[in-house]
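Below you'll find the structure, written out as structure tokens, and then a few comments.
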Amino acid sequence: MLGACLTPRRRKALIIGSLMLMTACVVAVVLGIALTGPASKKDTELSTPDMNGNDGGVVIRGVVILLQNTTKPSPFPTTATPTNAPSRQPISSLPSLLPTSSPTEKSSSRPTVSVEPSIFPSFALSSNPTLTTLPSRSLSDRPSFPPTVSQEPSVSPTTITRRDVRKILQFAALQGGDEFVKNATTAYQFQSLEWVVSSALGLNSDELSDARIVQRYVLGCIYYATYRVPHTYSLDPPPWINSTHWPPTPSTRSPESVYVHECDGWYGVMCATTQDGDRVVTGLDLRANKLSGSLPPEIILLKQSLVTLKLGKNDLVNYGKEGNAFLGQLTALEHLSVGQTYFENDGIPTEIGLLTNLVTYEADSNSYDGPLKGETFTNLQKLTSLIIGGNSYNSPVPTQIANLPLLTTFHVENSNVTGDLNYLTSMVSLQSHVMHSNALKGAIPSKLAALTSLVQLSLSSNELTGTIPVDIFGTMKGLNVLKLENNYFTGNMPDDVCELTKLFLKVLSADCDLEQSSLYAVNCICCTSCF
């Protein structure tokens, strides 16, 4: 009936509109099935309100029908919107199909953005002002409180450079590095620096520590300051007798001589290992090795470890306070020998008295011309051997030496020592006493009988007088050498002394040649030598 009333034009438009409506419904059903899967037992269920508080609508087999207020958007696509038509809601006002953040809400079977990005594009989220994108930050940018061990930076060994060596030695150098500039081509400090650099390049800080760089620098200074260095007493000195592994001269430098550890076979070098595993130089024994020039003061850089320093019988020339006082800074020294050299000073340097650990001290046949000062020996309470003959003291033996409790060897021959023998009465530990060729006067004191440990006693070539006392030397059962010649003794040699020749006394000399010494002579039938 309705179709009969319509004109052909209207009928055609109605048919086209019906077909379009049916097509839209079919498309909606197909999409709903694709999104939701098979229908659940409930064909319909109410949706939750959307994010803007609007009613969510009804879901019928996957088809979403929006029920926002009372206005329904037209299902037909249009190309223009009438001015009086209700405005279409933006995408952000659509009911949310994403799961809510409520902990009481169970997961829904509704589609999410990750399921169908073509329907819910990602840019829709950017319209929500509460969602912001924070800049990414790596774990390394985040501080840890407190830092763990694994996060602490590891320090790996670094390769040593020329600049590293110079910086270390400039800090350690006695003149603050000025010695590397002044007369650089000839200064022993500069030569040592160059050698240390050449031996350090290519090594790393584990192989060559700062302390070892300084240690090698000191040894280099000793070598270049005493190897064939002309001086007053020799204008063309010979080379060292033995210089195994010591720094070579520039013309003979070779890799095998550069990189040898100073504790691995260097001639005269003694070392010890510390608790930290470091090997340090503890001793130098270069006696009778043709050293010339001067012992350099840089040796004090080894003051923490150096225990033994033996340089006797060399042509070393060290003048006055400048050349001797620095020895007093080697406070760890226990054994010091500079005898038979050209060390010169006004008597034995008082700075030796600072070496309170000293056990043996040899400074014989130098040029220590001056009085023996008691204060030099006051604090040397560990001293057991004092060999200081061959100098010129022009003074008596000070009480401070006589009171040294552990002194067993005291040699001060040919040194113009004055006074008498009373200093000996308190030296009960003495075993060897050589005092010949001096200016001692007076008689032999009877209290010498307390020196029962004496093995050697040489009093020849003095100005001693009187007779040789009875019951003095007889108590010295271990006496091996007794020299009394070239004095002014008279009388007979006591029988108890002659009895000692049957034990250990092998050398007994006196003025017993009556033809030669008619005025001052000793009648001795047991002497091994008569003068």
Would you mind checking if [Y] and [X] are paired as a salt bridge, meaning a charged N to carboxylate O distance below 4.0 Å?
{"X": "K382", "Y": "E334", "answer": "no"}
{"X": "E194", "Y": "R162", "answer": "yes"}
{"X": "E351", "Y": "K321", "answer": "yes"}
{"X": "R212", "Y": "D278", "answer": "no"}

Using only atom types and a distance under 3.5 Å, with no angle test, would you say the side chain of [X] pairs donor to acceptor with the backbone of [Y]?
{"X": "N487", "Y": "L459", "result": "yes"}
{"X": "W266", "Y": "H245", "result": "yes"}
{"X": "T475", "Y": "D471", "result": "no"}
{"X": "T408", "Y": "S429", "result": "no"}

Just checking, is any N or O donor in the side chain of [X] or [Y] under 3.5 Å from an acceptor N or O on the other one?
{"X": "N422", "Y": "T425", "value": "no"}
{"X": "T244", "Y": "N242", "value": "yes"}
{"X": "E362", "Y": "S337", "value": "yes"}

Test side-chain hydrogen bond (donor to acceptor under 3.5 Å, both in side chains) applied to S432 and Q456, step by step: CA-CA 5 Å; S432 179; Q456 178 180 5; 3.2 Å; yes
Is the [atom1] atom of [X] crowded by more than 12 outside heavy atoms at less than 6.0 Å?
{"X": "E375", "atom1": "CD", "answer": "yes"}
{"X": "K483", "atom1": "NZ", "answer": "no"}
{"X": "Q381", "atom1": "CD", "answer": "yes"}

Relative to each other, are the rings of H433 and F410 parallel, tilted or perpendicular (30° and 60° limits)?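 Correct class here is parallel.
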Fit a plane to each ring of Y342 and Y233, take the angle between them on a 0 to 90° scale, and name the class: parallel (under 30°), tilted (30 to 60°) or perpendicular (over 60°).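 It falls in the parallel class, under 30°.
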In a single word, yes or no, tell whether C512 and C527 have an SG-SG distance below 2.5 angstrom.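 No; the two sulfurs sit 2.5 Å or more apart.
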Please name the pair of heavy atoms, one in I222 and one in W240, separated by the smallest distance, quoted to 0.1 Å. O-CZ2, 4.4 Å
Can you list the steps and then say if S461 with H436 is a side-chain hydrogen bond (donor to acceptor under 3.5 Å, both in side chains)? CA-CA 5 Å; S461 301; H436 65 78; 5.8 Å; no
Between N314 and T341, is a side-chain hydrogen bond (donor to acceptor under 3.5 Å, both in side chains) present by the stated rule, with each step listed? CA-CA 5 Å; N314 283 295; T341 64; over 6 Å; no
